[in-house]
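In what follows, a single structure is set out as structure tokens and then discussed.
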2 protein chains.
Amino acid sequence: MIQKLITEIKKKQAPVVVGLDPQLSFLPEFLLKKQTELMGDTLEAVSSAIYEYNKAIIDATADLIPAVKPQIAMYEQFGVPGLLVYKMTVDYAKSKGLIVIGDIKRGDIGSTSGAYALGHIGKVRIGEKEYCPFDEDIVTVNPYLGSDGVQPFIDVCNQNDRGIFVLVKTSNPSSGEFQDRLIDGRPLYEIVGEKVAEWGESCMDGEYSNVGAVVGATYPEMGRILRKLMPKQYILVPGYGAQGGTAKDLKDFFNPDGLGAIVNSSRGIIAAYKKAPYDRFGEEGFADAARAATEDMIRDIRSVL
Amino acid sequence: MIQKLITEIKKKQAPVVVGLDPQLSFLPEFLLKKQTELMGDTLEAVSSAIYEYNKAIIDATADLIPAVKPQIAMYEQFGVPGLLVYKMTVDYAKSKGLIVIGDIKRGDIGSTSGAYALGHIGKVRIGEKEYCPFDEDIVTVNPYLGSDGVQPFIDVCNQNDRGIFVLVKTSNPSSGEFQDRLIDGRPLYEIVGEKVAEWGESCMDGEYSNVGAVVGATYPEMGRILRKLMPKQYILVPGYGAQGGTAKDLKDFFNPDGLGAIVNSSRGIIAAYKKAPYDRFGEEGFADAARAATEDMIRDIRSVL
């Protein structure tokens, strides 16, 4: 799977992923209104509006980017109708040739992690038939439970040529509370990073592993260290843009080959129409605004590579 | 919320929760067959069979226990139809007077954790209407991202009188890989436990907090230490039964008042019919087997209190 991602990144010269995190406040009024007029003030109406929103953004950016990253929480908050639209978004993005990184941050004990893995990146067998229930290409995984919570995901990656990104150093302000605590003089995130490198060895796909890592753009100095600690891991880098990470901060997340990292922006792209300079597109032009913001982001990141 | 749980525990004299973790291999053949004959080998058929299974187990045990704990992974593996049945199970259990602990182990950065919190234990406003999309009473939360990943859950607990159990020391074999690492001479799980106690102060409900902790029965000596470190936390204890924890191991998870812990068993109850001595009930008697196993579990745990 990681080779497929690399191929797309090279083809589009864009180590960039658009985060499809449709907060209610991001949705253009007119899109929501169209659905609530049809279906009332319901979870189904909001979910349908989200789907319209996502489709337009995917259509406007698919030729520029290798991948999208829907954040499942933003769909799960609207219950079952929201999750149906999460699944529809995965399918739609794949139909447009995009790789889908499901930002699900799941992680549990063995058999339970196995269930998450099968449901998201694997296949479930029922009698004579097999199903890929959510069918993302790659998902994010929480490492707090240790190897036996991560191994079921790795097994499923190997069976189905899929990938995972394991949380190592997250982009949020209080990520250091536990992740930075020193263990034998070294921060926990390094210990986790080393483990990710070790897990990744059993899941290689060319020169990179299908087991990658998540490291926030907001911590560039840690990114530099983790880059060296995990040379064969692709790093998914959140925190660019709205959270404060800049292109300059990103340089050291990449390997000397110009590969090894993929940078996410969510609200900076999908809610671009709400802020200058992209507010010139107006609410109706939200998808064009997303395209313009994506082009600028790609240019910005290329400038440091 | 925690007072409501305590009231039910006292009324039933049972600090016990039945884990509704319907692995496909646990489902009685005849239940699955009934649904696949109607709907074919589909995700919908399996999901419907799970719902029948859960309903029968809830009906057979509701008068004995204060709460059930559906493990969302076991539903999510069957995609959207599975999650619909998760929601239906939550509703059905609540209609029978049970408290529902959603074992979701979510955790993300601020606004994203907020979305999970609203969707599971909060309310989502759409125009003039409000919805409780999943509507569990309590959910489990992963602490790896630190305070700003947990605070949104606490805020929602305070707004809606709900609860959370934060993962501190999990029951699985490799939980020690990160959780036991020493930080200034003390294991990470103690650092997390202290933080849980601190978070809990802003969320008190009588003498206990609506912010509780998860500590595995498989690590009784750590349970003893964590009990003292978090005197106001209710501890959700997985790992009894199938995972190896015994009643003797559980004593020190409780406070001297006989309160402070609630013990989960999943496969030991819901798949009891597959193993001696409960296999005497046969497959058709799976719910009676679950009831008998629950009675035995309650007796076993009462014996050490």
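Sequence lines set the chain letters: A, B, ... in the order given, protein chains first and strands last, and positions in each chain run from 1.
- Rounding to the nearest 0.5 Å gives a distance of 9.5 Å between CG of B/Asp41 and CZ of A/Arg125.
- The two residues A/Ile104 and B/Tyr116 make their nearest non-hydrogen contact at O-OH, 3.6 Å.
- Neither the backbone nor the side chain of B/Pro238 comes within contact range of chain A, judged by heavy atoms closer than 4.5 Å.
- Side-chain atoms of B/Tyr144 come within 3.5 Å of backbone atoms of A/Val168 as a donor-acceptor pair (strictly under, hydrogens ignored).
- Note: A/Trp199 and B/Phe178 have perpendicular aromatic rings, judged against thresholds of 30 and 60 degrees for the angle between ring planes.
- Heavy atoms of A/Gln77 lying under 4.5 Å from chain B belong to its backbone as well as its side chain.
- Contacts with chain B were tallied for A/Val46, A/Leu32, A/Leu43, A/Val124; A/Leu43 has the most, counting heavy-atom pairs under 4.5 Å.
- With rounding to the nearest 0.5 Å, the separation of OG1 in B/Thr42 from CD1 in A/Ile126 is 6.5 Å.
- No other option in B/Asp103, B/Val192, B/Asp21 has as many heavy-atom pairs under 4.5 Å with chain A as B/Val192.
- B/Lys274 NZ: more than 12 foreign heavy atoms inside a 6.0 Å radius.
- Ranked by heavy-atom pairs shorter than 4.5 Å toward chain A, the options B/Leu118, B/Thr36, B/Asn142 are led by B/Asn142.
- Counting only distance, with no hydrogens or angles, the side chain of B/Asn172 and the backbone of A/Asp148 share no donor-acceptor pair below 3.5 Å.
- To the nearest 0.5 angstrom, B/Arg106 atom CZ is 7.0 Å from A/Ile72 atom CD1.
- Here the CD1 atom belonging to B/Ile183 is positioned 10.0 Å from the CG atom belonging to A/Asp184, to the nearest 0.5 angstrom.
- Between chain B and the residues A/Ser147, A/Ser175, A/Gly119, A/Gly79, the largest count of heavy-atom pairs under 4.5 Å involves A/Ser147.
- With respect to chain A, the highest number of heavy-atom pairs below 4.5 Å among B/Asp108, B/Asp135, B/Thr170 belongs to B/Asp108.
- Here the side chains of A/Leu145 and B/Leu167 are in contact, with some heavy-atom distance below 4.5 Å.
- Residue contact with chain B, scored on non-hydrogen atoms closer than 4.5 Å, involves the side chain of A/Phe134 exclusively.
- Between chain B and the residues A/Pro143, A/Gly149, A/Ser171, the largest count of heavy-atom pairs under 4.5 Å involves A/Pro143.
- Rounding to the nearest 0.5 Å places CD1 of B/Ile109 at 6.5 Å from NZ of A/Lys105.
- Options A/Gly176, A/Ser174, A/Pro133, A/Gly127 differ in how many heavy-atom pairs under 4.5 Å they form with chain B, and the most are formed by A/Ser174.
- The structure places CD of B/Glu76 at 11.5 Å from OG1 of A/Thr112, a figure rounded to the nearest 0.5 Å.
- Interface remark: of the candidates B/Lys195, B/Gln151, B/Lys169, B/Gln23, B/Lys195 forms the most heavy-atom pairs closer than 4.5 Å to chain A.
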Under the side chain to side chain contact (heavy atoms under 4.5 Å, CB included) criterion, do A/Arg267 and B/Ser111 qualify, and how do the steps go? CA-CA 12 Å; A/Arg267 87 178 60 186; B/Ser111 56; 4.1 Å; yes

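- Heavy-atom pairs under 4.5 Å with chain B were tallied for A/Lys87, A/Glu177, A/Arg181; the largest tally goes to A/Glu177.
- With a threshold of 4.5 angstrom between heavy atoms, B/Leu182 approaches chain A through N, CA, C or O but not through any side-chain atom.
- With a 4.5 Å cut-off on non-hydrogen atoms, A/Leu24 touches chain B through its side chain but not through its backbone.
- In terms of heavy-atom proximity, A/Val80 sits nearest to B/Leu83 at CG2-O, 3.8 Å.
- Residue A/Glu128 touches chain B through both its backbone and its side chain, counting heavy-atom pairs closer than 4.5 Å.
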